[in-house]
Amino acid sequence: MVLTFFTSMILVISVLLVLSNLGTVADDTAKAMRGAIQRMRFHRGLASIVAFAILWLTIFGLGFL
């Protein structure tokens with residue numbers, strides 16, 4: 001019971017920290033995505049690797065449903 005309480009509190013605190021800095025998180029995510037897209041444009045082979053990784057993530061994700 002105590003362990004469940006502590007893990008729930010850690011989860012709630014983590015969510016509150018992310019929500020309180022949501023603008024910064026969104027800005028950092030947008031910068032990371034822009035950088036990834038630029039790298040994919042520069043390195044043509046990277047796009048196929050990313051597509052393959054997304055395919056496998058989708059397969060495993062749907063497998064858990």
To check you understand the geometry: which heavy-atom pair defines the closest contact between Val18 and Val25, and what is its length?
O-CG2, 4.4 Å
Expected list for residues 46-65: side-chain donor-acceptor pairs under 3.5 angstrom, two or more places apart:
{"from": "Ser48", "atom 1": "OG", "to": "Gly45", "atom 2": "O", "distance (Å)": "2.8"}
{"from": "Thr58", "atom 1": "OG1", "to": "Ile54", "atom 2": "O", "distance (Å)": "2.7"}

The residue among Leu17, Ile10, Leu16 that forms side chain to side chain contact (heavy atoms under 4.5 Å, CB included) with Ser14 is Ile10
Interatomic distance, OG1@Thr29 vs CZ@Arg34, rounded to 0.5 Å, equals 10.5 Å
Members sharing Phe6's hydrophobic cluster, built from side-chain contacts under 4.5 Å between Ile, Leu, Val, Met, Phe, Trp and Tyr, are Val2, Phe5, Met9
The reported gap from CG in Leu11 to OG1 in Thr4 (rounded to nearest 0.5 angstrom) is 12.0 Å
From OG (Ser8) to CG (Leu3), nearest 0.5 Å:
9.0 Å
